[in-house]
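Let me begin by presenting the structure, written as C-alpha cells, before commenting on it.
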Amino acid sequence: MGSTLEKDIQVNIDFREIPASKKIYFASDFHLGSPNHEESLAREKKIIRWLDQIESDAAGIILVGDIFDFWFEYNNVIPMGFIRFQGKIASLRERGIPIIFFTGNHDMWMFDYFPRELGIPVYYGPVNFKMAGQSFFVAHGDGLGPGDHFYKFLKGFFASGLCQWLFKWLHPNVGVWLAKAWSNKSRNKNAVKDAEFLGEEEYLLQFVRSHEQQQHYDAYLFGHRHLPLDIEVGESRYVNLGEWIKHCTYASFDGEKLLLEKFEEQ
C-alpha cells in the first residue's frame, strides 16, 4: 500500500518552485492523544493556532511523523478524537495547500484514510525532495543510524501485514488501550535521553555523516528525536524538528533559507 501512495504524491505535488513570499513548513511529533485527553486537547488547539498563523504563506506543509500518539485504521473505525485538527487540515487542503504525512513509530498504522478522505498522501519511509534547487532528505528518523537492533526488529514486525492483520481482530477498546499503555511505557523509558544532547552518540547525526559519504543533500530533516537540533555536517545540515509537548518547534524553507523556529503566540 505504501508504494502506491508514494507514487501518487510524486505525481501530484511539486515543490521545485516556491512562490515569492511563500514557505514550506515542516513539523513533527505532535503526539496527539498523549498523555491524557486534557493535555492533548490543549496541545491540539495550540497546533491549530500555529496552522492559522502559517496559513497565509504556506506553499506546503510536511508533517514528519508521530502526529498521533497512536493511530490504527480498522476497516470501519478510526481512533476517537483530534476532530479539530482533522477539520483544520481539511480546510487547508480545500484552500489548495499541499499537505504530506510521514508515519512515525507511534502512528505507523496509517493506511488510506487520509489520502482518500482528505487528499493527504502518506509516506512510510525516507523521501528525497527537490525544493527550489536544493535537495532535502526527509524521514521520521526511527530505525536510522547504527545500533538499536532490537527496536529495528520490532519495527519490522509491527510493519508486517501479519501483525496488522492480527491487531485488527482486537476490539478497538482493547487495541487502543493496549497501544496507549505501550506508548506511555516507551515514552517514560526514553524521557531522560530525549531531553539531552548525546554529542557523538547522536545516532541520526551519525547517519547523516555516513550518508553524506555516499550522496550529498543540502539538508536532512527528521523528527523522532524530540530535541530541536540544527547541526552543520560538512556542506550539509542535520535539522531535528523537536516536538510539541515542550518545545513547539518547526522548520520553514522559503526557497533560500532553512530555519528552525519556535512557535510563539501572537
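For the numbers below, each heavy atom of this structure counts, side chains included, while hydrogens, waters and symmetry mates do not. Quantities reported herein were computed from a predicted structural model and do not represent experimental measurements.
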Testing the basics here: between [X] and [Y], what is the closest heavy-atom pair and its distance to 0.1 Å?
X      : Y      : result
Ser28  : Gly242 : OG-O, 3.5 Å
Ala251 : Leu241 : CB-CD2, 3.5 Å
Ala59  : Pro19  : CB-CD, 4.3 Å
Glu73  : Tyr113 : OE1-N, 3.1 Å
Pro115 : Pro121 : CG-CA, 4.3 Å
Lys130 : Ser135 : NZ-CB, 3.9 Å

Can you measure from [atom1] ([X]) to [atom2] ([Y]) and round to the nearest 0.5 angstrom?
X      : Y      : atom1 : atom2 : answer
Thr103 : Asn105 : OG1   : CG    : 9.0 Å
Leu204 : Ile231 : CG    : CD1   : 10.0 Å
Leu63  : Ile89  : CG    : CD1   : 7.0 Å
Ile62  : Met131 : CD1   : CE    : 3.5 Å
Ile67  : His106 : CD1   : NE2   : 12.0 Å
Ile54  : Ile97  : CD1   : CD1   : 7.5 Å

Counting distance only, does the side-chain N/O of [X] pair as donor-acceptor with the main-chain N or O of [Y] below 3.5 Å?
X      : Y      : value
Lys262 : Tyr250 : no
Ser252 : Tyr25  : no
Gln134 : Glu256 : yes
Asn240 : Gly223 : yes
Glu212 : Tyr217 : yes
Asp107 : Trp71  : no
Glu44  : Leu32  : no
Arg93  : Gly119 : yes
Arg43  : His31  : yes

Just say parallel, tilted or perpendicular for the rings of Phe30 and Trp50, cut-offs at 30° and 60°.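 Aromatic pair Phe30/Trp50 classed perpendicular.
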
Got [X] and [Y] here, is their nearest side-chain heavy-atom distance under 4.5 Å?
X      : Y      : result
Gln206 : Glu202 : no
His247 : Leu227 : yes
Arg225 : Tyr203 : yes
Asp29  : His140 : yes
Ile99  : Phe114 : no
Tyr123 : Phe102 : yes
Asp218 : Phe253 : no
His216 : Ser236 : yes

I'd like to know whether Ile24 forms a side chain to side chain contact (heavy atoms under 4.5 Å, CB included) with Phe129, so could you lay out the CA-CA distance, the side-chain angles of the two residues, the decisive distance to 0.1 Å, and finally the verdict. CA-CA 12 Å; Ile24 305 295; Phe129 290 99; over 6 Å; no

Holding to side chain to side chain contact (heavy atoms under 4.5 Å, CB included), I want the full list of residues that pass it with Glu38, two or more places apart in sequence or in another chain.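 Once residues adjacent in sequence are excluded, the partners of Glu38 under the side chain to side chain contact (heavy atoms under 4.5 Å, CB included) criterion are Asn36.
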
Please determine whether residues [X] and [Y] belong to a single hydrophobic cluster, defined as Ile, Leu, Val, Met, Phe, Trp and Tyr linked transitively by side-chain heavy-atom distances below 4.5 Å.
X      : Y      : result
Leu221 : Val127 : yes
Ile48  : Leu118 : no
Phe82  : Leu41  : no
Tyr238 : Leu259 : no
Val77  : Met108 : yes

Indicate, with yes or no, if the rings of Phe72 and Tyr74 have centres closer together than 6.0 Å. yes

Would Phe207 and Phe137 count as a ring-ring contact (aromatic ring centres under 6.0 Å, His included) here? Give the steps. CA-CA 12 Å; Phe207 172 83; Phe137 184 103; 5.6 Å; yes

With side chain to side chain contact (heavy atoms under 4.5 Å, CB included) as the test, would you mind laying out the steps for Leu258 and Phe136 before giving the verdict? CA-CA 11 Å; Leu258 175 66; Phe136 293 81; 4.0 Å; yes

Under the side chain to side chain contact (heavy atoms under 4.5 Å, CB included) rule, what do Ile18 and Asp254 come out as? Steps first, then yes or no, please. CA-CA 7 Å; Ile18 300 175; Asp254 65 1; 6.0 Å; no

Output every pair passing salt bridge (charged side-chain N to carboxylate O under 4.0 Å, His left out) with a member in residues 50-67, not counting sequence neighbours, ordered by first then second residue. Asp52-Lys88, Glu55-Lys88, Glu55-Arg95

If you apply the rule side chain to side chain contact (heavy atoms under 4.5 Å, CB included), what do you find for Trp109 with Phe68, and how did you get there? CA-CA 10 Å; Trp109 288 337; Phe68 305 104; over 6 Å; no

